[in-house]
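Structure, as structure tokens:
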2 protein chains.
Amino acid sequence: MKTRKTKTPHIQPEAVIKAALEILDAEGLENVTLRRLAAKLNVQAPALYWHFKDKSDITDDMAQAILKNAGLDSITPPEDINNWDSWLKDLMSSLRNALTAHRDGGRVVAGATFGRAYTLEKIVVSTTKVLEKAGFDRLHASIATSTAIDYVWGFVIEEQAGMAPQAFLSAVAQSGENPVIQNTSEDDAYLTSIMDEYCKTTPTKAFDWGLQAIITGLKSAINKE
Amino acid sequence: MKTRKTKTPHIQPEAVIKAALEILDAEGLENVTLRRLAAKLNVQAPALYWHFKDKSDITDDMAQAILKNAGLDSITPPEDINNWDSWLKDLMSSLRNALTAHRDGGRVVAGATFGRAYTLEKIVVSTTKVLEKAGFDRLHASIATSTAIDYVWGFVIEEQAGMAPQAFLSAVAQSGENPVIQNTSEDDAYLTSIMDEYCKTTPTKAFDWGLQAIITGLKSAINKE
DNA sequence: ACCTGAACACCGTTCAAGT
DNA sequence: ACCTGAACACCGTTCAAGT
């Protein structure tokens with residue numbers, strides 16, 4: 001019985017990504033650095049280069065993990081193709097939920113390389129197939145898919161950037177001078193009233209409303225082909 | 001006649017932003033650093049701190065300049081409010097044009113602080129006012145505005161990240177191994193055919209199609225209120 | 001095979017000191 | 001008022017050397 005020379009490695013790729021996501025949640029994207037990540041794993045920074053080509057390799061895997069952990073790697077098409085609209089709405093809501101489950105999740109996933117975050121491709125492929133079956137030609141099925149996904153990117157990135165009106169209004173309240181002083185005071189007043197209105201909703205409701213509008217628009221685009 | 005002691009300063013804020021935009025176009029966002037910017041202005045990096053509070057102050061002003069240079073600081077409402085849909089379409093197209101006029105323009109403007117890039121606020125305020133006049137209540141006018149703008153953010157960020165199918169397909173062609181190898185080969189084949197289709201359009205056409213769908217959806221949302 | 005130590009070429013930012 | 005020089009606390013990455 002020969003003894004194996006191989007020792008268990010100090011770090012494993014999955015553990016690295018898990019630690020990276022913990023740093024992401026606790027300290028934000030700008031603080032997930034190789035040095036901080038290495039420290040959390042009780043290892044020196046260059047050790048990461050044995051397991052990953054470079055930093056974007058790690059962030060791409062983070063994006064993949066974010067989507068996979070949310071169960072988005074196993075998408076099933078709708079049983080009845082006539083329900084493609086509510087199916088799409090649920091899928092895009094799930095996508096947003098996956099992104100908002102982690103601090104800066106929008107920037108992480110939207111910034112990922114297409115080829116490495118393969119769950120993203122699965123989403124694109126599945127959605128396009130469904131839309132094609134729903135009546136779009138292949139080109140417009142893919143454009144419609146991009147339209148919905150781009151909306152999710154934009155919404156979540158703004159949401160997580162602290163552009164939510166709650167955050168904005170509190171910034172206005174905290175700062176002594178008016179941050180929108182360069183505009184006319186009439187515009188300022190209107191903006192404030194917009195924000196006040198906006199505060200009555202939740203980000204989720206706003207997202208759902210916009211998503212519903214987009215899907216309604218896509219639906220009417222089918223008939224015009 | 002007294003001689004003034006004031007000498008002309010070595011750098012002026014507008015010149016700084018102009019130089020910053022030149023670096024942005026030539027070398028991308030990750031290369032507009034304070035040191036590089038200072039070097040271009042024949043000055044040392046700390047000198048910038050006399051004119052700007054910090055780096056985000058500079059990038060916010062860049063965002064403002066990008067929008068202003070595109071003429072977006074002087075928006076006029078539609079003569080006939082019934083044309084709000086084509087008015088909105090033109091405005092969002094202008095917004096995308098402003099962003100794509102500079103490398104990484106999407107990330108610069110979408111990442112800007114609301115209060116400092118005040119042209120962005122003008123766009124939001126103007127659009128919301130128009131949509132309110134078009135028949136939305138104030139809350140949904142502002143949600144609709146965000147929906148359209150978030151789509152622009154998402155589309156342009158993906159576009160400028162090199163996610164355009166042209167770029168993706170060439171990446172597939174250049175890399176020896178298939179970058180989507182982790183998925184089923186059936187999905188790969190479908191994805192390739194999607195990209196092939198997509199290559200027949202231009203980003204502008206895809207953007208316009210998606211934007212039209214969104215506006216159509218918004219239009220039908222008015223009636224349901 | 002897997003990791004360390006040391007170095008390289010950068011960052012943004014602060015601050016005393018110069019003019 | 002406006003800018004420099006020097007420093008601080010970081011970055012990602014490379015690479016010889018250790019085990």
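Throughout, protein chains are lettered first and strands after them, A, B, ... in sequence-line order, and every chain is numbered starting at 1. All values derive from a computational prediction rather than experimental measurement.
Rounded to an integer number of Å, the gap from Glu27(A) CD to dC10(D) C1' is 14 Å. Following rounding to the nearest Å, Leu34(B) (CG) and dT14(C) (P) show an atom-to-atom distance of 11 Å. Rounding to whole angstrom units, CG of residue Leu41(A) and P of dC2(C) are separated by 16 Å. One atom, CD of Glu30(B), and another, P of dC11(C), lie 11 Å apart when rounded to the nearest Å. When rounded to the nearest whole Å, the span between OH of Tyr49(A) and C1' of dA16(D) equals 17 Å.
With hydrogens and angles ignored, the 3.5 Å screen pairs no side-chain donor or acceptor of Ser126(A) with any backbone N or O of Ile123(A). A side-chain donor-acceptor contact under 3.5 Å links Asp60(B) to the backbone of Thr113(B). A donor-acceptor pair under 3.5 Å is formed between the side chain of Gln160(A) and the backbone N or O of Gly106(A).
For the salt bridge (Lys or Arg N to Asp or Glu O under 4.0 Å) with Glu27(B), the qualifying choice from Arg103(B), Arg36(B), Lys40(B) is Arg36(B), the only one to do so.
Using a 4.5 Å cut-off on side-chain heavy atoms (C-beta onward), Lys55(B) and Leu34(B) make contact. Using a 4.5 Å heavy-atom cutoff, the side chains of Val108(B) and Val32(B) are not in contact.
A cation-pi contact, defined as under 6.0 Å to the ring centre and within 45° of the axis, links Arg96(A) to Phe207(A).
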Any protein N or O atoms within reach of nucleotides 4-8 of chain C? Criterion: under 3.5 Å, listing atom names and distances.
from	atom 1	to	atom 2	distance (Å)
dT4(C)	OP2	Gln44(A)	N	2.8

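With a 3.5 Å ceiling on both atom-pair distances, dA9(C) lacks any Watson-Crick or G-U wobble partner. Both distances falling under 3.5 Å, in either a Watson-Crick or a G-U wobble arrangement, place dT4(D) opposite dA16(C).
Remark: Asp54(B), Lys55(B) in residues 50-59 of chain B come within less than 4.0 Å of DNA chain C through at least one heavy atom.
Salt-bridge formation is detected for the pair Arg116(A)/Asp61(A): a Lys NZ or Arg NE/NH1/NH2 atom is positioned less than 4.0 Å from an Asp or Glu carboxylate oxygen.
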